[in-house]
Amino acid sequence: MTFEELGLSAEILATVAREGYTEPTPVQSAAIPLIMAGRDVLAAAQTGTGKTAAFVLPALELLRAHANNGFSPARHPVRLLILTPTRELAVQVSEAVKSYGRGIPLRSTVVYGGTRMDPEIKILWKGVEILVATPGRLLDHVGQRTVNLSQVEILVLDEADRMLDMGFIPDVRKIVALMPANRQTLLFSATFSNEIRHLAGEFLRNPETIEVAARNSIADNLTQVLYPVDQDRKADLLINLIRRDSMEQVLVFTRSKLGASRLASYLDRRGVSCSAIHGDRSQQERTRALEAFRGHFVKVLVATDVASRGLDIADLPYVVNFELPYEPQDYIHRIGRTGRAGASGTAISLVSPDEVNELRAVQRLLRKSIPCQVVEEFLPDPDREPSPAPRARGGRPSRYGQLSAAAGSR
Ligand code: AMP
């Protein structure tokens with residue numbers, strides 16, 4: 001399937017070519033013709049599947065008829081509203097809208113909580129056809145009458161499952177009530193739970209359903225490797241690997257916010273340029289950290305699972321698990337950030353003897369073992385075991401022994 005075959009106009013095809021996309025992803029092939037035909041769509045697609053372009057490109061196509069350079073705000077009512085659960089995703093989607101829509105005289109902006117409203121209000125007053133928003137902040141604007149949703153033609157609920165998890169559905173309901181009933185609605189969700197189907201029944205009219213392969217399967221072009229190492233030597237091993245392999249653009253996951261900031265400052269002190277993104281940082285700090293990383297100004301971005309949700313950093317060559325996650329599913333989410341869209345990637349896990357249970361859980365989920373590599377000088381110290389290594393008291397293998405056995409077995 002080619003983009004031409006999807007029925008896109010020359011203008012949008014030029015956009016696609018400019019982005020360097022040679023062929024549509026499965027969710028794009030399925031969704032674009034339906035959306036252009038005006039259908040409501042319920043799509044199961046995770047981040048990394050090309051879902052943003054799957055709704056932005058056809059929506060731009062539909063709105064092109066309204067494109068104008070008129071001065072009056074009345075000529076620029078909100079016609080496309082995209083709701084997202086997090087500010088990071090909102091910013092990311094808004095950037096996609098701006099770059100896909102370059103050259104088309106449609107105005108767009110993004111509004112999200114945690115920042116001052118004044119600059120947003122100034123832009124909204126002038127009129128925008130495309131608005132990307134988090135639900136709470138959008139309702140604040142509605143309350144201040146800085147935005148009017150009565151002319152919305154297309155509503156997109158992006159990552160609806162997370163909006164549900166985060167308790168945003170009552171807000172979404174209030175927002176939907178302000179929109180014309182004959183709008184087109186597109187609901188994107190990583191998973192189809194019963195609750196999501198229920199929501200679709202509430203917000204969508206006779207929708208077409210699209211399901212693309214879940215990213216639970218690991219991309220073929222992704223290399224996974226684990227290094228056994230004691231917890232307190234992980235930072236030094238990481239530095240060693242970064243230098244040894246001249247790594248750039250390394251996304252490092254830690255379990256805790258404190259762990260993230262500690263590691264970031266340690267790396268910085270040791271001359272590895274680094275920033276951190278976690279829940280305790282202000283929106284401005286997070287945006288700055290992400291921009292520094294995206295712009296290659298820093299080599300390493302340290303993140304917690306929660307803070308990383310919705311982050312899209314394209315073509316990431318390395319993901320490092322500084323600690324294995326408590327939830328094995330998070331391992332899949334984390335490493336899904338590399339090896340995307342055909343690019344090759346490496347997922348590295350630094351595993352201490354304490355993490356043998358987490359390692360087993362991850363390997364059970366993967367249904368295979370993660371290949372183990374060693375850097376001799378960083379091998380865990382068996383003498384640290386409270387009991388004689390490699391066999392602990394009572395004949396049970398020591399944790400060191402268990403790690404050696406688990407790394408390289410199922
Ligand atoms: P998304 O699932 O929307 O977060 O997109 C994931 C990444 O895939 C983004 O970096 C997009 O720029 C990229 N992408 C989207 N569509 C395509 C395509 N057809 N070919 C190659 N890359 C794409």
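Below, all heavy atoms of this structure are taken into account, side chains as well, without hydrogens, waters or symmetry copies. Note that ligands are numbered from 1 as they come in the structure, with each ligand's atoms numbered from 1 the same way.
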How long is the span from the OH atom in Tyr227 to the NZ atom in Lys234, to the nearest 0.5 Å?
14.0 Å
So salt bridge (Lys or Arg N to Asp or Glu O under 4.0 Å) across residues 56-69, not counting sequence neighbours, yields Glu11-Arg64, Glu61-Arg64
Under the salt bridge (Lys or Arg N to Asp or Glu O under 4.0 Å) rule, what pairs show up with a residue in residues 123-134, not counting sequence neighbours?
none
Which ligand 1 atoms are under 4.0 Å away from a heavy-atom of [X]?
{"X": "Glu23", "answer": "18 (C), 19 (N), 20 (N)"}
{"X": "Gly50", "answer": "1 (P), 2 (O), 3 (O), 5 (O), 15 (C)"}
{"X": "Thr49", "answer": "2 (O)"}
{"X": "Thr52", "answer": "1 (P), 3 (O), 4 (O)"}

Would you say Thr22 has any N or O atom under 3.5 Å from an N or O of ligand 1, going by distance alone?
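No, Thr22 has no N/O under 3.5 Å of an N/O on ligand 1.
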Charged N-O contact under 4.0 Å between Glu323 and Arg255:
no
Between the side chains of Arg270 and Asp236, is the shortest nitrogen-to-carboxylate-oxygen separation below 4.0 Å, so that they form an ion pair?
yes
Looking only at non-hydrogen atoms, which of Tyr21, Phe3, Phe188 approaches atom 22 (N) of ligand 1 most closely?
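Of the listed residues, Tyr21 has the closest heavy atom.
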Just go through Gln92, Glu19, Gln28 and tell me whose heavy atom is the nearest to atom 16 (N) of ligand 1.
Gln28
Side chains of Glu120 and His141: donor-acceptor distance under 3.5 Å anywhere?
yes
